[in-house]
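Reviewing the structure listed below.
The sequence lines fix the lettering, A, B, ..., with proteins before strands; numbering per chain opens at 1.
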Amino acid sequence: MGKRGERQSERTLVCVIQALMGLELLVELRNDLSIRGFLDDCDNAMNVIIKDAMIEDVEGCQKHMPLIFVRGSNIRFVHIPDNVNIMQAVEERRLVLDRAALAYMGGKGLAPTPKVLETQIPDTADAAI
Amino acid sequence: MATEDDSAVKEPLDLIRLSLDERIYVKLRSDRELRGKLHAYDQHLNMILGDVEEVVTSVEIDDETYEEIVKTSKRHVQYLFVRGDGVILVSPPLRTS
């Protein structure tokens with residue numbers, strides 16, 4: 001969770017998929033399988049976890065699976081739901097990540113410096129190693 | 001998706017930038033073609049297309065006559081994210097009809 005402008009996901013369109021987390025969407029794979037379900041998680045490589053999924057193959061055979069992990073390289077298309085305002089969703093997620101990054105830094109916005117850590121280690125710690 | 005201040009065309013990706021918000025033709029692997037409005041793209045050629053028509057072409061060979069039957073199937077999607085590793089080429093739409 002870096003600062004805005006430093007996040008790797010925001011340099012590609014993966015952040016759009018990540019903004020759709022929690023929504024129901026249709027994912028088409030390279031092997032012509034269609035998976036409809038709720039996007040639980042998406043990482044920077046577009047690997048996704050889909051919950052409550054209905055998998056349909058080319059012949060129309062459907063199968064239900066509660067939890068699926070799909071490697072990002074297997075994805076061909078992601079159907080974005082019609083009623084979603086993408087720009088707003090991406091911006092909202094950015095704000096959430098900004099706030100989370102700020103909270104992680106203790107609200108000060110500064111990473112702990114090595115000097116601070118050294119003084120916290122007692123001299124007798126070497127004996128344990 | 002960032003707006004560019006410098007609008008000079010320096011590299012091939014800049015040519016795609018010129019097509020933003022325009023209708024484009026995309027040739028994909030597995031004999032697929034897309035025509036839609038380009039909303040966004042990135043360096044991997046992941047794209048977001050709006051009002052998309054997908055054409056899938058398949059060739060079947062007749063068992064008796066051994067002639068090739070070219071079949072196409074079309075479908076329409078309102079808002080589509082296309083993963084870049086499937087993209088072969090991007091072009092302004094070809095007006096053949």
Side-chain angles (χ1 to χ4, degrees), chain A residues 4-21 23-36 39 42-48 50 56-60 70-91 93-94, chain B residues 1-5 11 13-14 16-17 19-21 24-60 71-90:
Chain A
R4 180 183 280 239
E6 286 179 5
R7 285 176 216 131
Q8 207 52 37
S9 63
E10 288 181 12
R11 297 181 190 277
T12 72
L13 282 181
V14 167
C15 57
V16 170
I17 310 280
Q18 289 174 335
L20 299 172
M21 283 201 283
L23 302 179
E24 186 182 15
L25 34 71
L26 182 70
V27 178
E28 276 185 53
L29 304 186
R30 283 203 318 215
N31 61 0
D32 293 334
L33 282 178
S34 290
I35 304 178
R36 178 170 280 285
L39 181 63
C42 175
D43 67 6
N44 292 349
M46 220 187 290
N47 301 324
V48 293
I50 298 178
E56 188 175 335
D57 65 11
V58 205
E59 274 108 53
V70 180
R71 194 178 198 277
S73 57
N74 283 308
I75 294 175
R76 184 187 283 147
F77 299 132
V78 176
H79 293 241
I80 299 172
D82 289 341
N83 54 355
V84 168
N85 182 346
I86 273 293
M87 296 303 292
Q88 186 189 335
V90 171
E91 190 55 37
R93 183 161 186 275
R94 276 201 200 139
Chain B
M1 282 170 77
T3 54
E4 300 277 2
D5 292 319
E11 50 173 23
L13 277 181
D14 293 332
I16 300 183
R17 178 159 50 84
S19 297
L20 273 175
D21 276 337
I24 54 163
Y25 164 82
V26 182
K27 191 185 216 283
L28 299 175
R29 298 171 77 158
S30 307
D31 300 310
R32 287 162 194 265
E33 297 158 290
L34 299 172
R35 284 172 200 274
K37 189 179 181 191
L38 180 65
H39 287 281
Y41 73 98
D42 66 8
Q43 71 272 31
H44 301 299
L45 258 45
N46 297 326
M47 289 183 278
I48 297 189
L49 297 176
D51 195 23
V52 190
E53 188 194 60
E54 181 202 31
V55 178
V56 185
T57 303
S58 56
V59 181
E60 286 175 20
K71 287 186 181 175
T72 60
S73 66
K74 295 185 184 180
R75 63 176 174 161
H76 185 268
V77 182
Q78 195 56 38
Y79 218 34
L80 192 70
F81 178 100
V82 182
R83 193 179 148 99
D85 58 11
V87 175
I88 297 177
L89 65 86
V90 177

Handout entry: Inter-residue atom distance B/Tyr79.OH - A/Ile86.CD1, 0.5 Å rounding
Key = 6.0 Å
Fill in the blank from the handout: dist B/Gln43:CD -> A/Arg11:CZ (nearest 0.5 Å) comes out at 9.0 Å
Problem - Nearest-0.5 Å distance, CG of residue B/Leu80 to CZ of residue A/Arg76 - result: 11.0 Å
Handout entry: Proximity breakdown for A/Glu10 and chain B, heavy-atom pairs closer than 4.5 Å
Key = neither
Problem - Region of A/Ile17 that comes under 4.5 Å of a non-hydrogen atom in chain B - result: side chain
Problem - Interatomic spacing from CG in B/Leu34 to CZ in A/Phe77 - rounded to 0.5 Å - result: 4.5 Å
Practice task
Return yes when atom CD of A/Gln8 has more than 12 non-hydrogen atoms of other residues, nucleotides or ligands closer than 6.0 Å, and no otherwise.
Solution key: no
Completion exercise
Between A/Leu13 and B/Asn46 the two heavy atoms that sit nearest each other are CD1-O, 3.3 Å
Exercise for the section: Would you check if the side chain of B/Arg83 reaches a backbone N or O of A/Gly72 as a donor-acceptor pair within less than 3.5 Å? Expected result: yes
Handout entry: Electrostatic pair B/Arg32:A/Asp32 at N-O distance under 4.0 angstrom
Key = yes
Exercise for the section: Sort B/Val77 into side chain, backbone, both or neither according to what part of it lies under 4.5 angstrom from a heavy atom of chain A. Expected result: side chain
Problem - Portion of B/Asp85 that has a non-hydrogen atom of chain A nearer than 4.5 angstrom - result: side chain
